S.K.: 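Below: one structure in structure tokens.
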Amino acid sequence: MKKQMLVSGGAGFIGSHVTVELIEAGYDVLVADNLSNCDMTCFEGVKQITGRENLPFVQMDFCDAAETERLFTDHRIDAVIHFAGFKAVGESVEEPVKYYRNNLESFLNVIESARLHGCGNILFSSSATVYGEPDQLPVTEEAPRQPATSPYGNTKQMCEDILRDSVKAYSGLRGIALRYFNPVGAHPSARIGELPRGVPNNLVPFITQTAIGKRDCLSIFGNDYPTPDGTCQRDFIDIVDLAKAHVFAIRRMLEDKMEENYEIFNIGTGQPLSVLELVNAFERATGVKLNYRFAPRRPGDVTAIWADPARANRELGWKAERAIEDTLAAAWAWEKHLAGE
Ligand code: UFG
């Protein structure tokens with residue numbers, strides 16, 4: 001019998017790409033989402049890409065303990081991949097209670113129901129934000145976590161700790177936290193991608209919306225950082241590459257290959273790219289000239305961060321493969337698809 005994965009928050013940007021890769025790797029997937037920050041566009045896209053017209057979808061809120069419990073009663077679930085959560089850094093500063101309540105409560109409910117139903121495998125979507133401004137680059141999983149600068153970042157740290165402690169306490173439970181660097185791009189089919197509501201916070205959606213004419217001009221936040229060209233450096237990881245890492249992590253859990261019951265992996269390319277270099281790569285990849293200007297630094301941004309992905313390369317057998325130009329061309333194809341072009 002095929003193993004069944006529960007993908008919480010599976011209608012969103014990362015969740016939909018992971019769902020595609022899980023199905024293509026031969027798993028059954030149950031997608032659950034409360035659609036609070038997305039619509040069914042990506043879920044429909046997943047069905048098209050995979051040809052699974054009957055892909056199961058449950059609209060539900062993991063903050064509701066009874067609903068979560070019912071989901072586990074109604075379905076056999078072999079592993080959970082938990083994405084459900086709010087993710088806007090700025091909003092989390094303005095509405096901390098909303099962020100703590102949503103991001104912690106949903107995860108606590110998932111862990112509680114999973115263990116009560118004998119589902120021992122939990123994969124948590126963490127973030128490089130837990131490292132703050134790192135002392136050493138590239139950053140390894142051993143680097144100390146810095147005090148979070150936003151409630152959002154704090155929920156990532158707290159969820160990591162909740163998973164670590166739960167795994168220690170409850171036998172039969174094991175967990176993996178994947179720390180994503182900067183996920184960008186879209187599926188090559190252009191059927192799923194990022195769908196920000198309102199003005200995008202993140203760089204690549206802002207770039208593609210500027211290129212298509214939805215925004216006048218990209219502001220590059222800061223060109224006076226102590227970096228080679230003065231703009232911030234990040235580790236931009238292709239969303240499909242990132243999604244594939246989940247398949248390797250799930251396999252490691254299901255095949256009992258974990259060395260410890262709780263493991264952490266950086267999911268990044270290991271290659272720094274500056275904001276300006278990314279803009280240039282976009283222009284090269286698409287032939288579109290981008291209107292941009294330099295603007296003051298954005299509060300809270302770290303100067304530079306990129307991954308040491310050696311542990312994931314070695315232990316998961318996973319490696320980022322896609323060239324940034326291909327990633328950005330895919331993001332552009334997705335933006336044009338949304339515009340009906
Ligand atoms: N940037 C711009 N202009 C924009 C948007 C972003 O210059 O319009 C710059 C930022 O200043 C930063 C870089 O592009 O230097 C990347 O910014 P993003 O917002 O795309 O990504 P971040 O590195 O800020 O965010 C990542 C994750 C978040 C996570 C955050 C925590 O995408 O989920 O790290 O630091 F919360």
Side-chain angles (χ1 to χ4, degrees), residues 9 12-15 17 37 83 85-93 96 99 103 124-134 137 139 143 145-160 178-186 193-194 196 198-211 214-239 242 266-269 272-282 290-307 324 327-328 331:
F13 173 48
I14 302 181
H17 286 84
N37 194 35
F83 295 107
F86 295 146
K87 61 172 185 180
V89 178
E91 187 190 38
S92 80
V93 176
Y99 270 68
N103 292 8
F124 175 64
S125 57
S126 192
S127 163
T129 190
V130 301
Y131 296 119
E133 183 92 60
L137 289 166
V139 68
R145 295 187 321 189
Q146 308 279 357
T149 53
S150 72
Y152 160 79
N154 209 14
T155 66
K156 290 293 178 194
Q157 297 201 0
M158 291 164 93
C159 284
E160 284 192 353
L178 298 183
R179 290 179 177 160
Y180 312 142
F181 282 67
N182 285 60
V184 291
E194 234 172 326
V199 183
N201 288 314
N202 297 115
L203 180 61
V204 169
F206 207 104
I207 288 177
T208 56
Q209 288 196 7
T210 306
K214 262 179 144 172
R215 314 271 156 214
D216 287 342
C217 182
L218 167 75
S219 294
I220 294 182
F221 300 134
N223 63 344
D224 57 351
Y225 282 100
T227 59
D229 66 18
T231 65
C232 292
Q233 291 173 302
R234 292 289 183 275
D235 186 332
F236 296 98
I237 165 85
D238 182 83
I239 186 66
L242 177 134
N266 282 344
I267 302 300
T269 65
L273 207 68
S274 75
V275 173
L276 198 53
E277 284 170 328
L278 186 96
V279 167
N280 292 335
F282 179 82
L290 204 69
N291 190 22
Y292 69 84
R293 65 184 174 94
F294 293 112
R297 292 182 180 194
R298 182 171 72 175
D301 275 341
V302 301
T303 303
I305 184 163
W306 65 94
I324 189 68
T327 301
L328 294 171

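In what follows, every heavy atom counts, from backbone to side chain, and hydrogens, waters and symmetry copies are set aside. What you are looking at is a predicted structure, and each value in this text was computed from that prediction instead of being measured. Just follow the structure's listing: the first ligand is 1, and inside any ligand the first atom is 1.
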S.K.: Do we see a donor-acceptor contact under 3.5 Å between the side chains of Gln233 and Thr227?
M.R.: no

S.K.: If you look at each N/O of ligand 1, which protein N/O atoms lie under 3.5 Å away, and at what distance?
M.R.:
residue  : atom   : partner : partner atom : Å
ligand 1 : 3 (N)  : Ser219  : O            : 2.7
ligand 1 : 7 (O)  : Ser219  : O            : 3.3
ligand 1 : 7 (O)  : Phe221  : N            : 2.9
ligand 1 : 11 (O) : Asp301  : OD2          : 2.5
ligand 1 : 17 (O) : Arg298  : NH2          : 3.4
ligand 1 : 19 (O) : Asn201  : O            : 3.4
ligand 1 : 19 (O) : Asn202  : ND2          : 3.1
ligand 1 : 19 (O) : Arg298  : NH2          : 2.9
ligand 1 : 20 (O) : Asn202  : ND2          : 3.4
ligand 1 : 20 (O) : Leu203  : N            : 2.8
ligand 1 : 21 (O) : Asn182  : ND2          : 3.1
ligand 1 : 23 (O) : Asn182  : ND2          : 3.0
ligand 1 : 23 (O) : Arg234  : NE           : 2.7
ligand 1 : 24 (O) : Arg298  : NH2          : 2.9

S.K.: Mind checking side chain to side chain contact (heavy atoms under 4.5 Å, CB included) for Ala88 and listing every partner two or more places apart, or none if nothing turns up?
M.R.: Glu91, Tyr99, Asn201

S.K.: Output every pair passing salt bridge (Lys or Arg N to Asp or Glu O under 4.0 Å) with a member in residues 147-156, not counting sequence neighbours, ordered by first then second residue.
M.R.: none

S.K.: For residues 218-225, tabulate all N or O donor-acceptor pairs below 3.5 Å that involve a side-chain atom, not counting sequence neighbours.
M.R.:
residue : atom : partner : partner atom : Å
Ser219  : OG   : Arg293  : NH2          : 3.1
Asp224  : OD1  : Arg297  : NE           : 3.0

S.K.: Once rounded to the nearest 0.5 Å, what's the spacing between atom CG of Leu328 and atom CD1 of Ile207?
M.R.: 7.0 Å

S.K.: I need the single residue from Asn280, Leu276, Val275 that forms a side chain to side chain contact (heavy atoms under 4.5 Å, CB included) with Asp229. Which is it?
M.R.: Leu276

